[in-house]
Every structure is written in structure tokens, then in C-alpha cells.
Amino acid sequence: MTDALTAHHLTKRYGRRTALTDCTLEIPAGRVVGLVGPNGAGKSTLLQLACGLLDPTAGRIEVLGKRPVSGVKEVGFVAQDTPVYPGLTVAEHLRLGARLNPSWDRALADRRIDQVGLDPAQKAGKLSGGQRAQLALTVAAAKRPELLLLDEPVAALDPLARRTFLQGLMELTADQGISVIMSSHLVADLERVCDYLIVLVASEVRVAGDVDDLLASHHRLAGRRRDSTGLAVLEKSVAVIEESHTDVQSTLVVRSTAPIDDPSWQVDRLDLEDVVLAYLSGRPR
Amino acid sequence: MIWLAWRQFRVQALSVAGGLLVFVGALALTWTRVTTLAEETGFTGCRDDIACRDAADRFLRAIGHESAGALYLAGLVLLLVLPALLGIFWGAPLVARELESGTYRMVFSQTVSRRRWLLVKLAVGGVAAALSAGLVSLVLTRWAAPIDAAGSSRVEPITFLARGIVPVGSAVLAFAVGVAVGLVLRRTLTAMAVTLLLVVAVQIVATPVMLRLLAQPITTVTPLRADTPMVLIVSGTHVHLDAGNDKISGAWMIEESVVTASGETFTGPVDTTKCDTSIKGELVQECRDWLAAQNLGQQLTYVPGSRFWPLQWRVFTILSALTVVLVLFSIGYLGGLSRSPFRRGSSAGRARGSARRT
């Protein structure tokens, strides 16, 4: 099966500012991928490169095995701030979708509008942020893409609208079996829906992988204080992601596929948020 | 796509169309009045030159007192201003608003190529611009035909730009200018202002200059005879001879002068024994005879009224060619926008920028 997205040394510069540096990625198809990173990390840039709104400065990107071009039927995109036409009604947005997409699934669109309780006669400019996001998601989903790209769709939503939106997204992915790449600066948003995670910091990919694998391979080690030479005794297969030291104690977040047997460390499991935070605050590779 | 292009455009389209229809309605209401006046004053069906000139004067004076006169001027102004209006209110926001509000990201995510998106939007607006300008110009050209014939000439720059098919060319070009400017500047208001400047420059500088260059005026020299109406002005050594009959009906008069046999402008000297320059008014016969014997000729440089349609087509072709260039530029520019960022148009870019700084 073709990968949903592959990138090789992908770089994007806006004038002198670099938004994405040497990004190499392989995202398998059929996954719900979370793209997490602080504001300004390059998430939007990566997604806009993936949907062909931007062209790379250097490197190569392929989406569903092809160089991305905007306006193809295989890729759906919900941009940041979920732009909609304020002067058009909800129903007119669906009509827009139907007119511009040969693969339009009208039943799906109508059902979703009904489910999320949008009034078809309402002008999109009068919708709340949550409703607007739902409308944008509906238009993108009813296009029946193979890959759906969502750029911070819930960033501007209140917790309830967030939950409703993610609920809707999960139903869609369960029904359609499509690949989704969704960015957020909050892990909590992604945890519930994603089974694959990419951490992007300062325009670099820090880690990418299956959520279960990430959880299984990351550990928190706590033990008596030791300096970096003391850390060197850790096995080669163990990578230190983050370290913090007090006068008496050292705490490490490490990545290791093998279990850590060293009895001088107390080994704890991490949840996804801890793993991500370790990469966000840790040193660059 | 046509549906969307029309849906986004219909408010502006209908408001302009409404205004123009009111004007066309006013022309329709005064139509019979203009023809009646032309008949009553004897202008319609006048035979010889002198009778026609008098009838034309009576007709123009009569029209001047009526609402038709005001309408005639309003028509000139409207057709000169219409391209600017269409460029500002139809052209400039067409793409700029999408780039500014970020909705381009929504529409480009549908199954439609950017080129097609832009072409359909351009086609819908361009056809609307051509139809509006064409309708007004067609009706006005026919309505004003007797007034144009009685008045100066419709080949003259101002009238020329408000008659025939040139308004269509100007309107479509102005629309394309607005679109291209909006695409490059990505800000609706700035684009509107710049479009206004550019379209005014085209309307009041470029097109008249183009007309002058294309006009290829005719120059004729008629021998001066003793019975030609003449005015002789002498002040000191400066001599100026003005010959009458200096108007050619329907033509755009560019230059007139009295020339010598070698083709230079006649500047004297004058035989003062024959022509007593201290006497004002009609020249004495002796002076006329003397002047007629000097081998002088009246030289007229003008564009005949019959050139109207050939010139209209030529100017229209050039305006259309410019439009095509702008459209091609816009399509190319829109395609290349993904290389340079949509930064200024996207709030995402601004948010990212400010997050960096903090």
C-alpha cells in the first residue's frame, strides 16, 4: 500500500525565515496521525506542502505516491481557522462542495449537517467557531478524500465544541477508513483520536511513530544523581531524550526498544503527553 | 465553478446592472424627444452645408435646454468612469478578498485547479463587464447619434472613448487590471486604490495617446481664393492669417494653418499698400486679391469621421490584447504563489510570525 505521505529532506523557506528544515518522514496509509508541536514549529507549513498550497524550497514530498498539487480529489484539507465564505449559507457551502467535487457524497454531507445541528439556511458568517469547524470538516469529508489534512481544527474551540468535533472526526474515520493527518499544539486533543504521532519542534521532526510503539519504548528512569559520564554506561540502544538533575537525583526520559534491566534505576511508564513533553523540552537530536 | 463564481459575484453585478439600467431607461424615455427636436429644428434631412450648420446650432441649443442635454453629458461621464468602477468594485476584490480572508485555502482544497478557478471567475466577471459596457455604449451611441452629428465629432478623443466598442474593451481591461492588482497586492483596499490609479491612467493618458498615434490624420491644402473668408491679424512684425471654412463635418480637426507654396506657415510680410492693417473687420477686396495671388493655401490636418469604426476596432484590439496579457500574467502568478508564501494573506502566517517573536 502506498504511504499516505513521504518526505525526503523537505525544506521550506519564506524569504530568509525557515519554516521547515530537512524533514524526512514516512507516514503509512490508513492511520489517524497527530502532528504535534508548539506554535511556529512548521506544522501548517508541512500540511500546506502536503496539500499543494505551498511548493517546497528543497527536498521532495509525495502524497499518496504523487507530488502534491492543490485541487485533486484524493486529498481533503481543512485549513487553520477553518475558513468558510461568510456570505454563503451552510446549504450553499454544500452546494459548492457538490459543484466542485465529482466524488461528492451528498448523503454524508446532509447527514453530518443534521447530526451536528447546523441550520442549512444560516449564513456561515454567523456561525460559532465550533459550527464553522464542523462545516469545514463536513465539506472536506463529503469530498470523500483518501487523505484528510486538518490544520489545528480545534485550536479556537471551547472544550465542548472540541469534544464534539473530535467525536465527529472519529466517526468519519471509523466509517470511511481514510488516512487523517491532524495538527495541534495540544497532545490532549490528539491522544483521543490518533494512532500515530509526529512531534515537530523548531521546524524539525523530533520523533514519529505508532502511538503504541511510542508508549512501549519510552521510559522514565529515576535514580541517584549522576553526570553525563555516568549516563554513558547506559546501553547503546538507549537514547536519552530528556534529563533533569537535582542535587541528589537524576531523572531521565529515554527511548529503548529493549526493557531497562539496570536495578540502579527506578523505571516508570510514561503516558503520551509525557513522551511528547520530553521531546518538546529535550535537546535537539 | 460557474455557479460559485456567479454566487460570489452577483451582489456587485446586480447593483451595477441596476444603476446602468436606470440610465438606459432614462435614454429610452428621452429617445423620441431627441429625434423630434432634430426634426423640428430642421437638422434631420438638411441639404447643404450652410443650412445644416445653422440647423445643427439650433438643434444643439434646443437640446441644451432639455434634460436630454444633461443626459448626453452624463453618458460621456458614465462611460468614461465605468471602467474604473468595474475595475475597483468587480476586479480588485475578486481574488484579493479570497487571499486576504484565507478562503482561497478552502476553495483550492476542492477538486478544481487554480487555473480553472481563476479562468471561470475572470470569464464570469469579464463577460458581465463586456455586457454592461456594451449595452450602455450601444444604446448611448444610437441615442446620441444626431447630437454627435450636429456637434463636434465622435472621432474626437473624449467622445470616441464613450462610443462604439471601445468602452467594452476598456471595461474588460479595467476588470483584468483590478484582478491582477488584487492578486499581486493581496489586500482588497490597497488593490482598489491602485486599480483606480492605473485605470485612470489608461483612460485619460494611454488610450488618448494610442488614439492619436493610430489616427493617421489626413492633411489637405486648398488654394486660398479671394472669396475665402479670412481674418488677418498683424501686430508689429507678427502676421497671422486665419482662413475660414476650417471645419470639416464629423471630423476631428487636429491642426489648421495657412501655408505658403513651399509648405511653411505663412507669417508675412504683407503688402501694406494693398492691405491696410489698421482697419479692423472685413478685408478689403484689394487685399483679398493680393493674398489670393500669393500662392497661399489653407492646410487642414484632420481625422475624418469615416475613420470612426476602423479606429474603434484598432483601439479595441489593442485593449483586448492588453487584457489577454494581463490574464496570462494572472494565471501564471497564481500558479507561482505556492513558491512564495501566501503569508500576507494568511492569518496563520501572521500568528506564526508573532509567536516567533514572543
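Below, chains carry the letters A, B, ... as their sequence lines are ordered, and counting in each starts from 1. Everything numeric here is computed off the predicted structure, so don't read it as measured data.
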Let's test your reading of the structure: which of A:Pro38, A:Ala79, A:Ser70 forms the most heavy-atom pairs below 4.5 Å with chain B?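 Highest number of pairs under 4.5 Å: A:Ser70.
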[X], part contacting chain B, at a heavy-atom distance under 4.5 Å:
| X | result |
| --- | --- |
| A:Lys73 | both |
| A:Val75 | backbone |
| A:His93 | side chain |
| A:Leu149 | neither |
| A:Glu92 | both |

What's the separation between atom CG in A:Leu100 and atom CH2 in B:Trp117, rounded to the nearest 0.5 Å?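 The CH2 atom of B:Trp117 is 11.0 Å from CG of A:Leu100, to the nearest 0.5 Å.
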Say you draw a straight line from CG of A:Asp81 to CE of B:Met106; how long is it, rounded to the nearest 0.5 Å?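 Going from the CG atom of A:Asp81 to the CE atom of B:Met106 covers 13.5 Å.
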Where do [X] and [Y] come nearest, in terms of heavy atoms and distance?
| X | Y | result |
| --- | --- | --- |
| A:Pro102 | B:Thr111 | CD-CB, 3.7 Å |
| A:Val84 | B:Thr103 | O-CG2, 3.3 Å |
| A:Tyr85 | B:Glu98 | OH-OE1, 2.6 Å |
| A:Gln48 | B:Arg105 | OE1-CD, 4.5 Å |

Go through it in stages, so that I can follow the logic: the residues are B:Val112 and A:Arg99, the test is side-chain contact (heavy atoms from CB on, under 4.5 Å), and I'd like the CA-CA distance, side-chain angles, deciding distance and then a yes or no. CA-CA 10 Å; B:Val112 57; A:Arg99 292 277 177 147; over 6 Å; no
Verify the neighbour count for atom CD1 of B:Ile2: are there more than 12 heavy atoms of other residues, nucleotides or ligands below 6.0 Å? no
Find the one option among B:Arg7, B:Gln8, B:Met1 whose heavy-atom pairs under 4.5 Å with chain A are most numerous.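 So the answer, after comparing B:Arg7, B:Gln8, B:Met1, is B:Arg7.
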